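All chains are named by letter (A, B, ...) in the order of the sequence lines, taking the proteins before the strands, and each is independently numbered beginning at 1. The structure presented is a predicted model; accordingly, all values stated were derived computationally and were not measured.
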There are 2 protein chains.
Amino acid sequence: MARRRLTREESRDLTRQRLLEAGAVIIAKKGLNGASVEDIAAHAGYTRGAFHSNFRSKAELFVELLKRDHQDVQQGLQQILSAGLSLQDMQQQLQMFYSQVYRGNVSYVLWAEARLQALRDAKFRTRLSALLLEKRDMIAYFITQFSAAMHRQPPAPAGDLAFATMALIDGMRFYNACLPEQLPDASVQAALGTVFSATFFD
Amino acid sequence: MARRRLTREESRDLTRQRLLEAGAVIIAKKGLNGASVEDIAAHAGYTRGAFHSNFRSKAELFVELLKRDHQDVQQGLQQILSAGLSLQDMQQQLQMFYSQVYRGNVSYVLWAEARLQALRDAKFRTRLSALLLEKRDMIAYFITQFSAAMHRQPPAPAGDLAFATMALIDGMRFYNACLPEQLPDASVQAALGTVFSATFFD
DNA sequence: GAACTCTAATACGCATTGGTATTTGAAAGC
DNA sequence: GCTTTCAAATACCAATGCGTATTAGAGTTC
């Protein structure tokens, strides 16, 4: 394993990457407030010096984490949208996509943490809102597409229904994680299917 | 205002009460982890001594807060359920009840905080699950009642739909609090109404 | 290879926190 | 009214936190 030496930039990027990953894990585990900079740095194999050399503060790393995850999700959705699939296939793709995205708990917990942060910090709220609105618009577009394909109007403003969709998915995700015996994956799928099809297709 | 002297017990209860109220406010504002015992005690007009004399720890106070709030909500729902109203009236009562319960942000934020806590602490999770299941069962009963009155079967297991209902309401509550201009109260009402009536009544 | 630059480690200061141990003062018991 | 009891204040301590300033060492440049 003759690994070549890294350039300064590569090395720095690697550090940053590791800190971000460690941040995600530790923040998910202990909460934004419970995770110390020391924790995160140590888990990534560094000291606080490295952390502060890469991020101004924990909050900054956190926002970066959210942005990255948001980007990934948006890209995934965009891809499904622009693949030119039939309604059936699109629906199935969406279902698969969400079960993948939410497979690990980490990103879900980060967003839950972010929601709380938003409720109590106005500055953070505006930053998060921008991301939430992007997501809402993406979903609203799906809803519009579905309705158009069914030759109908959406039963309520598409944007509002998009929020409802996000609420439903996230909420069920929580109950599923918290009470897996009471609400197993299959039940979540079935319940979501029931509500969505009743709302959008019947 | 000749206020009579308080007995020892009355005085203690009063202190406890004040600590609980302060705890709710401070925890809602700064998060469970961000709120220090000192914060809470000071906001209630006491010192940490008083706090530790009344609660073993912050976590204990937090659980107490959740239990109390849960009790209140369950009682309210129970009352609506056993009032012998028509479906119409019951529906309206429920709507009113929720808009009242969730008027202030405090209790909502506490439950959001609790959800996060549950995701990362197994012991806490079991304590919270018990409350969540009680609530689910209560709502499931409403769903069963509604369906029966419509001479139908619920379109999916009532318990699962109850979870979906809780998810929807809580999620929309968040978006409403976070982006009130994008999702005003009226839109929440309308969207919820659309989804619920599509799911349960059509 | 010498001077430099920049990343990450280390050292330092200061503020906070939680818990315990002790003290104080007011209610309760006699 | 004297003693006892208990709620709450105070004092103390050890741990942990963040941010900055400084240092060390590896990459870069010439």
Side-chain angles (χ1 to χ4, degrees), chain A residues 1-23 25-65 113 117 120-121 123-124, chain B residues 2-65 113 117 120-121 123-124:
Chain A
M1 276 296 274
R3 211 184 315 168
R4 80 177 177 77
R5 281 198 158 183
L6 300 174
T7 71
R8 217 175 258 183
E9 200 185 359
E10 286 171 326
S11 171
R12 185 174 169 79
D13 281 355
L14 186 60
T15 303
R16 203 179 156 81
Q17 191 60 36
R18 285 179 180 151
L19 285 171
L20 281 165
E21 273 164 32
V25 173
I26 300 292
I27 292 174
K29 183 153 67 180
K30 306 189 176 183
L32 183 58
N33 237 312
S36 70
V37 171
E38 174 100 33
D39 270 344
I40 297 171
H43 191 266
Y46 298 92
T47 62
R48 271 185 304 144
F51 186 99
H52 281 294
S53 167
N54 278 280
F55 301 95
R56 205 181 309 281
S57 67
K58 205 167 44 176
E60 196 182 288
L61 174 137
F62 185 53
V63 171
E64 178 81 22
L65 277 176
E113 196 78 48
Q117 194 63 19
R120 58 175 78 108
D121 174 357
K123 221 163 262 172
F124 184 85
Chain B
R3 209 184 318 170
R4 81 176 177 76
R5 280 200 161 187
L6 301 175
T7 71
R8 219 178 274 202
E9 201 186 358
E10 287 171 324
S11 171
R12 185 174 169 78
D13 281 355
L14 185 60
T15 304
R16 204 181 156 80
Q17 192 59 38
R18 285 179 180 153
L19 284 170
L20 280 165
E21 273 164 33
V25 173
I26 300 291
I27 292 175
K29 184 153 66 180
K30 305 188 176 184
L32 182 58
N33 238 312
S36 70
V37 171
E38 174 101 33
D39 270 344
I40 297 171
H43 191 265
Y46 298 93
T47 62
R48 270 183 308 144
F51 186 99
H52 282 294
S53 168
N54 278 280
F55 301 94
R56 204 181 309 282
S57 66
K58 206 168 43 178
E60 196 181 287
L61 174 138
F62 185 53
V63 171
E64 178 82 22
L65 277 176
E113 197 77 48
Q117 194 64 19
R120 59 175 76 110
D121 174 357
K123 221 163 262 171
F124 185 85

Practice problem: Answer yes when A:Lys30 and A:Glu113 have at least one side-chain N-carboxylate O distance shorter than 4.0 Å, and no when they do not. | Solution: no
Exercise. For B:Tyr46, enumerate each residue passing the ring pair (Phe, Tyr, Trp, His ring centres under 6.0 Å) test, keeping only those at least two apart in sequence or located in another chain.
Key: none
Quiz item: How many angstroms lie between atom CG of A:Asp39 and atom CZ of A:Arg48, to the nearest 0.5 angstrom?
Solution: 11.5 Å
Practice problem: Using only side-chain N and O atoms of A:Asn54, determine if any of them is under 4.0 Å from OP1 or OP2 of C:dA8. | Solution: yes
Exercise. Please name all residues satisfying side chain to side chain donor-acceptor pair (under 3.5 Å) with A:Lys29, sequence neighbours left out, ordered by chain then number.
Key: none
Quiz prompt | Distance, rounded to the nearest Å, where A:Leu19 contributes CG and C:dT7 contributes C1' | solution = 12 Å
Exercise. Whole angstrom is fine here: how far is it from CZ in B:Arg12 over to C1' in D:dA8?
Key: 10 Å
Quiz prompt | Protein-nucleotide distance (B:Arg18, atom CZ; D:dA8, atom P), rounded to Å | solution = 10 Å
Quiz item: Given atom CD1 of B:Ile40 and atom C1' of C:dG19, what is their separation to the nearest angstrom?
Solution: 15 Å
Quiz item: When the distance from CZ of B:Phe51 to P of D:dT10 is rounded to whole Å, what number comes out?
Solution: 18 Å
Exercise. Nearest whole angstrom, please: distance from the C1' of C:dT17 to the CG of B:Leu32.
Key: 14 Å
Quiz item: Once you round it to whole Å, what is the distance between C1' of C:dG18 and CD of B:Glu60?
Solution: 15 Å
Quiz item: With A:Phe55, which of A:Ile40, A:Leu20, A:Val37 fulfils side-chain contact (heavy atoms from CB on, under 4.5 Å)?
Solution: A:Leu20
Practice problem: Produce a footprint string for nucleotides 12-22 of chain D: one letter per nucleotide, 5' end first; B if the base is under 4.0 Å from any protein heavy atom, S if only the sugar-phosphate is, - if neither. | Solution: B----SBBB--
Quiz prompt | Where A:Arg56 and A:Glu60 come nearest, the two heavy atoms and their spacing | solution = CB-OE1, 3.1 Å
Quiz item: What is the distance from CZ of B:Phe55 to C1' of D:dA7, rounded to the nearest Å?
Solution: 14 Å
